[in-house]
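On a predicted model such as this, the values are computed, not experimentally measured, just so you know.
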Amino acid sequence: MTDDLRSAGAPTLEDVARAAGVSRATVSRVVNGVRNVDPAIQEVVRQAVSVTGYAPNRAARSLVTRRTDAVALVVSGAGVEAGADGEGPGPASGEDGSFTAQVFADPFFGRVVTGVVNYLRPRGMHPVLMFAETSRARDEVVAYLRQGSADGALIVSTHAEDPLPGLLTEAGLAAVLYARPARPVLISYVDLAHQDGARLAAEHLLARGCRRIATISGPLDVPAGQARLAGFRDTMARHGHPYTPIAEGRFTQESGEAAMERLLAEHPDLDGVFAANDLMAMGACHVLREHGRRVPDDVAVVGFDDSSAALACRPPLTTVRQPVEGMAAEMTRLLLDRLARPDSPATSVIFEPELVVRGSA
């Protein structure tokens, strides 16, 4: 029967219904994701779909479900000013390509995409990548969602002053944010316990015997940068170190190099460094080598994120792991739950960090 069905042209709902021994209406409900179908019958229908080779017509299905099976994955900036999120770089805004170039240069964003795609693909859905680094681009994202071109939005914001989360919530559009919003916005988000991660870094450096410890912070105008610095300074203070030298970076390798140069000039005897992300830690290690400092023998270095930069660094970085792929998958799950239950309240999910010990400390 399978060969007969396939040779007669594209399989139809009626073909699936005959193969499954159920009504066409039941097949339609299963294919369109309607929940009030017995699980055993759903499985029979899915097997019949596989046997017949039936492929739903997405255009027709969207007329019934009002869904596109696509979600917008939006990397958003703040307008005319440069920015940085808690993990990735601080790409400059504008329409000359610098924003997108710096986004793609940071391994963090690749890990977000991996987590999103791995969650959506088994569900027959896909992401639409969008950039919103200017006011016009943000308006285009809002219009795209209002027109129903995507079912909702996953937002990775690259600046504390990014207005896009607020614009989407004000418009009543389904959206979930990666990282806690800097402004009070009623939106679901996933985030990391950044202060706890910084505590792990401080305790590890102290346990190694480091006593003259400095830190390269992230941008202090974003919550993650603030939280990592606060957690590190608090832990140092609890262990009898009332003052910790600080140089602010922008979550880029170049800013890590510049910060390390400043710290060495002001504190040449330092023996430990915590950099608030791996790219800055890599930059710090580069500068230390240029100054003849051995890592970790002379100066121990700890990063944050456990990105691909941690393994590319020489020596490989001891770092605080942020489970970016898992967080991105959870962000996607929250969005799909919101789409299934539009009246559900906003929520937050906080992930726990983990220290990964390698060669740098």
Side-chain angles (χ1 to χ4, degrees), residues 81-92 102 105-108 158-160 194-195 197-202 204-206 208 210-236 241 243-296 298-310 312-320 322 358 360-361:
E81 297 182 2
D85 70 351
E87 295 75 32
Q102 292 190 46
D106 188 342
F108 164 77
T158 62
H159 197 281
H194 296 283
Q195 291 198 34
R199 173 182 56 78
L200 293 174
H204 182 72
L205 288 170
L206 291 168
R208 278 186 57 89
C210 298
R211 291 296 176 265
R212 297 174 299 280
I213 303 173
T215 183
I216 301 173
S217 77
L220 297 180
D221 58 351
V222 295
Q226 297 166 0
R228 293 179 191 181
L229 177 59
F232 190 78
R233 294 178 68 182
D234 179 70
T235 303
M236 293 296 293
H241 296 261
Y243 170 72
T244 300
I246 301 166
E248 185 177 358
R250 301 298 299 175
F251 287 126
T252 64
Q253 182 174 341
E254 294 76 15
S255 71
E257 292 173 352
M260 192 70 251
E261 291 281 6
R262 293 196 301 272
L263 287 172
L264 281 176
E266 298 170 6
H267 307 277
D269 61 342
L270 59 81
D271 61 1
V273 175
F274 166 55
N277 85 337
D278 291 339
L279 286 173
M280 294 194 302
M282 179 184 285
C285 288
H286 177 71
V287 169
L288 288 167
R289 286 196 304 271
E290 286 189 334
H291 284 264
R293 306 294 180 88
R294 297 169 301 165
V295 177
D298 299 325
V299 183
V301 178
V302 177
F304 203 112
D305 283 345
D306 196 24
S307 67
S308 58
C313 186
R314 292 295 176 265
L317 280 174
T318 291
T319 186
V320 176
Q322 176 175 197
R358 298 193 181 98
S360 69

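Using a distance-only test at 3.5 Å, with no hydrogens or angles considered, a donor-acceptor pair links the side chain of Arg211 to the main chain of Leu206. Looking only at distances, a side-chain donor or acceptor of Gln226 sits under 3.5 Å from a matching main-chain atom of Leu220. Side chain of Gln195 to main chain of Ala230: no donor-acceptor pair is present (N/O by atom type, distance under 3.5 Å, no hydrogens or angles). A distance-only check finds a donor-acceptor pair linking the side chain of Asn277 to the backbone of Phe251 [under 3.5 Å]. Remark: the backbone N or O of Val301 is paired with a side-chain donor or acceptor of Ser360 at under 3.5 angstrom. A distance-only check finds a donor-acceptor pair linking the side chain of Thr319 to the backbone of Phe304 [under 3.5 Å].
Other residues, nucleotides and ligands contribute only 12 or fewer heavy atoms inside 6.0 Å of the CZ atom of Arg233.
When each of Leu229, Thr215, Thr235 is checked for a side chain to side chain contact (heavy atoms under 4.5 Å, CB included) with Thr244, only Thr215 meets the rule.
Contact detail for Cys285 and Arg314: the closest heavy-atom pair is CB-O, 4.4 Å. Between Val302 and Ala201, the shortest heavy-atom contact is CG1-CB, 3.8 Å. Here the shortest heavy-atom pairing between Glu248 and Pro219 reads OE2-CA, 3.4 Å. Closest non-hydrogen pair, Ala202 versus Met236, comes out as CB-SD, 4.2 Å. In this structure, Leu270 and Met260 approach most closely via the heavy-atom pair CD2-CE, 4.0 Å. Pairing each heavy atom of Arg250 with each of Ser255, the nearest pair is N-OG, 2.9 Å.
Applying the salt bridge (Lys or Arg N to Asp or Glu O under 4.0 Å) rule to pairs touching residues 251-265 yields nothing, sequence neighbours excluded. Among residues at least two apart or in separate chains, there is no salt bridge (Lys or Arg N to Asp or Glu O under 4.0 Å) pair with a member in residues 276-287.
Side-chain contact between Pro296 and Arg208 is present, with heavy atoms from C-beta onward closer than 4.5 Å. Side-chain atoms of Arg293 and Pro268, non-hydrogen and from C-beta on, do get closer than 4.5 Å to each other. At least one side-chain heavy atom of Leu205 sits under 4.5 Å from a side-chain heavy atom of Ile213.
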### Message
Please evaluate residues Val320 and Arg228 with respect to the criterion side-chain contact (heavy atoms from CB on, under 4.5 Å), reporting the C-alpha separation (whole Å), side-chain torsions for both, the decisive distance (0.1 Å), and the verdict.
### Response
CA-CA 11 Å; Val320 176; Arg228 293 179 191 181; over 6 Å; no
### Test side-chain contact (heavy atoms from CB on, under 4.5 Å) applied to Thr318 and His204, step by step
CA-CA 10 Å; Thr318 291; His204 182 72; 4.0 Å; yes
### CA sep, side-chain torsions, deciding dist, call: Arg294, Val299, side-chain contact (heavy atoms from CB on, under 4.5 Å)
CA-CA 6 Å; Arg294 297 169 301 165; Val299 183; over 6 Å; no
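Remark: His267 engages no residue in a side chain to side chain donor-acceptor pair (under 3.5 Å) (not counting sequence neighbours). Listed by chain and number, the residues in a side chain to side chain donor-acceptor pair (under 3.5 Å) with Arg358 are Asp306 (sequence neighbours excluded). Checked against side chain to side chain donor-acceptor pair (under 3.5 Å), Glu290 has the following partners two or more places apart in sequence or in another chain: His286. In this view, Phe274 and Phe232 satisfy the ring pair (Phe, Tyr, Trp, His ring centres under 6.0 Å) rule, not counting sequence neighbours.
In this structure, Asp305 CG and Leu317 CG are separated by 10.5 Å, a value rounded to the nearest 0.5 Å. Atom SG of Cys313 sits about 8.5 Å away from atom CD of Gln253, to the nearest 0.5 Å.
A salt bridge does not link Asp298 with Arg212: every distance from a Lys NZ or Arg NE/NH1/NH2 to an Asp or Glu carboxylate oxygen is 4.0 Å or more.
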